[in-house]
Amino acid sequence: MRKILLFAIMAVTSVIANAQQFSVNKGVRFTESGINAPAKEASVEGTDLWGYFLGGADKITGLGTGSTGTFRVAIYVPGDGVLKGAKIQGINLPVNTTKMSNVSVWGGKALGGTELFKKTVSSLNTGFTQVVLDDAVDVPETGLYVGYTFTISSTSTQAEQYPMGVAEEEEVAGSLYLGLSATAALEDYAGSGYGVSALQLLVSDMKLYDNAANISSVVCYAAAKGGKGSVKVNLASDSNNGVNTVGYKLVVNGVETTGTTNVTPAIAAGLNKSGSVNIEFDAPETVGAFPSSIAITEVNGAANEGNTEATSFTVSTVTRVVPRVSVIEEYTGTGCGYCPRGWVGMEYVKENRPDNSIVIAWHKYNSGDPMYVASYASLSYEGAPGCCVDRKTYPDPYYGEDYTGIHHTVDAYSAITPTVDITSATAVFSEDNKQVTVNADAEFLTNVKNYTIAFVLTADGLAGTTSSWKQSNYYYQYAKSQAGILSEIPGLGDFCSGGSMGKSSVALTFNDVLIAHTYSSNKSTVAAVTSAEPDEVVSREATIKMPTKTTLVNALNYDKVYANILIIDDNGYIANAKRVQVVPDPTGISSVSSDATEVARYTIDGKQINGEVKGVNIVKMSDGTVKKVLVQ
């Protein structure tokens with residue numbers, strides 16, 4: 001099992017799965033004291049930790065029960081691999097409050113079946129409580145379920161509302177089972193968005209391999225036909241010796257290659273370690289999609305003791321490699337108290353990744369938001385703040401996919417070789433600025449079918465003076481040390497206690513705001529591309545109505561409206577994108593006649609100004625005529 005250690009963040013997002021009442025308090029530190037795993041008692045010295053999360057309590061978040069009552073949490077413990085023949089000596093129990101009663105730990109071969117052991121827990125610590133079993137429990141070859149039961153009688157504090165410890169690790173099978181009473185059936189919640197149970201086992205006789213590496217996943221981007229391709233092989237290891245080199249057998253379109261490569265950096269020795277290697281190959285000479293596979297045959301020059309079966313993947317080739325622009329669609333709203341985190345993240349991307357990213361901020365969280373848009377594309381948002389990148393992944397809009405920063409997620413996805421190039425695009429206002437006509441040419445770089453094209457209008461520089469324009473901010477309640485601020489994106493600290501925007505609501509300038517689009521009932525009205533050949537150019541045009549809501553229209557700066565062209569592949573992923581400024585209708589724009597004098601000048605939205613302002617100016621002349629003037 002591959003584990004990814006995630007940094008603690010601070011946000012409260014309710015996620016409802018399977019129509020149950022649980023919710024996860026995503027990221028508020030489980031304990032402010034920074035407690036790690038407790039020191040082992042003398043009777044369990046020499047044991048190893050095993051679990052779906054092996055970090056400290058300061059990296060754990062709370063799982064909410066939704067009400068008072070008795071609840072159960074469990075994980076599945078496999079009886080093979082490193083746990084074959086092992087013994088469970090104790091349990092690190094992760095709880096967020098000492099105000100629990102009827103607490104016990106237990107284990108059994110089946111969910112709800114006969115218990116192999118059960119022990120009452122009389123004293124709790126916030127964070128991890130170490131429970132040493134009276135007798136060691138053998139891990140059966142068929143595995144077993146280990147869990148705990150507790151009663152919560154009050155939900156007056158946040159800790160009581162979110163009493164169970166979970167971690168934002170890779171959600172694998174067996175990592176989280178939940179029950180709504182002491183006797184109700186335990187249901188499988190792995191993959192539901194809650195994370196994994198942070199329960200840890202203290203195990204003796206666990207057997208690590210000497211030299212082992214398993215393929216956890218394979219990533220292969222498209223390559224130019226006849227050029228060099230590369231496959232990224234993600235590895236997991238449970239080895240005493242770590243992993244320094246791996247031998248492999250690579251098959252691309254029937255052509256087999258064997259070799260050895262260094263793992264840089266090397267994978268450390270121990271349980272649940274991970275790393276990756278990039279292996280280069282010669283891409284096929286023709287355009288297409290080719291069946292391929294990779295197997296790890298050796299580790300450190302010895303036979304691989306892990307899984308040596310081949311993992312299949314596809315090598316795709318294109319006519320040429322062109323730049324890619326990734327699209328970050330953010331889910332936000334002025335009423336979302338943790339959305340300043342997303343605002344900071346998106347502003348950072350806009351400033352630092354201007355050439356390979358586009359942001360579309362969808363304000364849907366609260367209908368009182370002046371920028372509120374009720375309907376857009378069908379995106380699997382689970383709460384605010386949130387975002388998706390290229391409609392492939394749904395990371396945090398500040399922390400990103402790996403919790404080192406959203407810009408690193410953008411870098412990873414913009415590195416993917418695109419299958420289409422948007423060779424040209426224009427966007428023009430109608431003379432009355434009530435509509436925008438968008439034209440785009442897309443050149444396809446491989447054979448494609450059923451590609452969707454969508455046009456989306458966004459606006460920069462939106463701000464207002466009324467309370468509805470103010471951004472709700474929960475971070476003002478927290479010190480900067482509590483907020484999980486990333487060193488590369490320190491702006492979040494401005495919203496914390498003592499920061500320049502450390503208030504419960506703040507006036508912001510909003511950029512990249514979704515204001516109009518070609519979606520209707522979650523489908524784009526622009527004609528789809530049913531099929532296209534390599535090097536074929538397809539042209540599309542659509543007219544989009546500008547928004548009419550007075551509060552939004554009054555805030556618009558027509559010089560800061562943009563059209564975003566999204567090309568979406570048959571998997572629903574954004575294949576490439578382009579952003580262009582919407583420009584005035586060239587008809588009706590002229591130079592001011594020298595036969596008359598200027599008596600008044602206005603912006604495009606009717607505000608009187610003194611002197612020229614960059615963009616389209618409305619000029620009233622002494623002879624009574626009114627003209628549009630484009631000021632460069």
Side-chain angles (χ1 to χ4, degrees), residues 1-3 5 36-56 73-94 104-111 113-119 121 128-148 165 167 169-170 172-177 186 190 196-214 216 235-243 267-274 299 302 304-308:
M1 289 166 290
R2 180 168 175 252
K3 306 293 183 291
L5 183 61
N36 289 309
K40 294 175 183 175
E41 295 185 18
S43 59
V44 289
E45 278 290 346
T47 59
D48 294 304
L49 280 181
W50 184 93
Y52 296 93
F53 169 75
L54 299 176
V73 188
I75 61 173
Y76 174 70
V77 183
D80 56 2
V82 297
L83 291 177
K84 186 175 182 179
K87 299 178 184 295
I88 302 173
Q89 303 283 357
I91 295 170
N92 281 342
L93 182 64
S104 63
V105 295
W106 43 263
K109 290 185 178 181
L111 291 174
T114 303
E115 293 173 341
L116 292 174
F117 69 89
K118 183 176 182 180
K119 182 170 183 175
V121 181
F128 280 117
T129 296
Q130 190 172 108
V131 181
V132 177
L133 300 182
D134 298 328
D135 299 296
V137 175
D138 293 328
V139 178
E141 289 187 9
T142 54
L144 78 160
Y145 297 87
V146 175
Y148 59 100
E169 298 285 85
E170 183 179 352
V172 296
S175 59
L176 183 64
Y177 295 87
L186 284 156
V196 305
S197 172
L199 186 147
Q200 299 171 348
L201 305 184
L202 294 99
V203 180
S204 59
D205 300 325
M206 188 162 63
K207 297 179 179 63
L208 298 183
Y209 301 101
D210 288 329
N211 299 286
N214 297 322
S216 53
L235 301 171
S237 175
D238 300 316
S239 293
N240 285 313
N241 297 326
V243 178
I267 300 174
L271 178 68
N272 292 329
K273 305 301 182 182
S274 61
V299 174
N304 183 13
E305 298 173 60
N307 188 353
T308 59

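For the numbers below, each heavy atom of this structure counts, side chains included, while hydrogens, waters and symmetry mates do not.
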How long is the straight-line distance from OG of Ser197 back to CG of Leu93, given to the nearest 0.5 Å? 9.0 Å

Please find the pair of heavy atoms, one from Gly174 and one from Ala190, that lie closest to each other, and give the distance. N-CB, 4.2 Å

Is the shortest side-chain heavy-atom distance between Asn92 and Gln130 below 4.5 Å? yes

Any chance you could lay out the side-chain contact (heavy atoms from CB on, under 4.5 Å) test for Asp238 and Lys273, step after step, and finish with the verdict? CA-CA 6 Å; Asp238 300 316; Lys273 305 301 182 182; over 6 Å; no

Ala269 versus Asn240, closest heavy-atom pair with distance: CB-O, 3.0 Å

Under the salt bridge (Lys or Arg N to Asp or Glu O under 4.0 Å) rule, collect the residues that match up with Asp134, sequence neighbours excluded. Lys119

Output side-chain donor-acceptor pairs under 3.5 Å for residues 139-148, partner residues at least two apart or in another chain, one line each.
none

So, taking the atom named CD1 in Ile75 and the one named CG in Leu186, what distance separates them when rounded to the nearest 0.5 Å? 12.5 Å

Would you say the side-chain atoms of Asn241 pair up with the backbone N or O of Asn211, donor to acceptor, closer than 3.5 Å? no

Given the rule in the side-chain contact (heavy atoms from CB on, under 4.5 Å) test, do Leu116 and Lys109 qualify, once you have shown the distances and angles that lead to the verdict? CA-CA 7 Å; Leu116 292 174; Lys109 290 185 178 181; 4.0 Å; yes

Go through the steps to decide whether Leu201 and Leu199 satisfy the test side-chain contact (heavy atoms from CB on, under 4.5 Å), and finish with yes or no. CA-CA 7 Å; Leu201 305 184; Leu199 186 147; 3.7 Å; yes

How long is the gap from CG on Asn272 to CG on Leu54, to the nearest 0.5 Å? 5.5 Å

Any sub-3.5 Å donor-acceptor pair from Glu305's side-chain atoms to Asp210's backbone N or O? yes

Within this structure, what is the CD1-CG distance for the pair Ile88 and Asp205, rounded to the nearest 0.5 Å? 12.0 Å

Under the salt bridge (Lys or Arg N to Asp or Glu O under 4.0 Å) rule, collect the residues that match up with Asp138, sequence neighbours excluded. Lys87

Is the backbone N or O of Tyr76 less than 3.5 Å from a side-chain atom of Tyr52, with the two atoms forming a donor-acceptor pair by type? yes

Surrounding NZ of Lys118 (heavy atoms of other residues, nucleotides or ligands, distance under 6.0 Å), is the total greater than 12? no

Taking all non-hydrogen atoms of both residues into account, name the closest pair between Ala212 and Gly306 and its distance. CB-N, 3.7 Å

Quick check: does any side chain N or O of Ser237 sit under 3.5 Å from a backbone N or O of Ala213, one acting as donor and the other as acceptor? no

How far apart are the C-alpha atoms of Asn304 and Val299, what are their side-chain angles, what is the distance that settles it, and do they pass the side-chain contact (heavy atoms from CB on, under 4.5 Å) test? CA-CA 5 Å; Asn304 183 13; Val299 174; 3.6 Å; yes

Taking side chain as C-beta onward, heavy atoms only, is Leu49 less than 4.5 Å from Leu202? yes

Looking at CZ of Phe128 and CD of Gln200, how far apart are the two atoms once the value is rounded to the nearest 0.5 Å? 3.5 Å

Any idea which heavy atoms bring Lys207 and Lys84 closest together, and the distance? NZ-O, 3.8 Å

Could you check if a side-chain atom of Asp48 sits within less than 4.5 angstrom of a side-chain atom of Leu271, using non-hydrogen atoms only? no

Shortest non-hydrogen separation from Tyr209 to Gly81 and the atoms involved: OH-CA, 3.6 Å

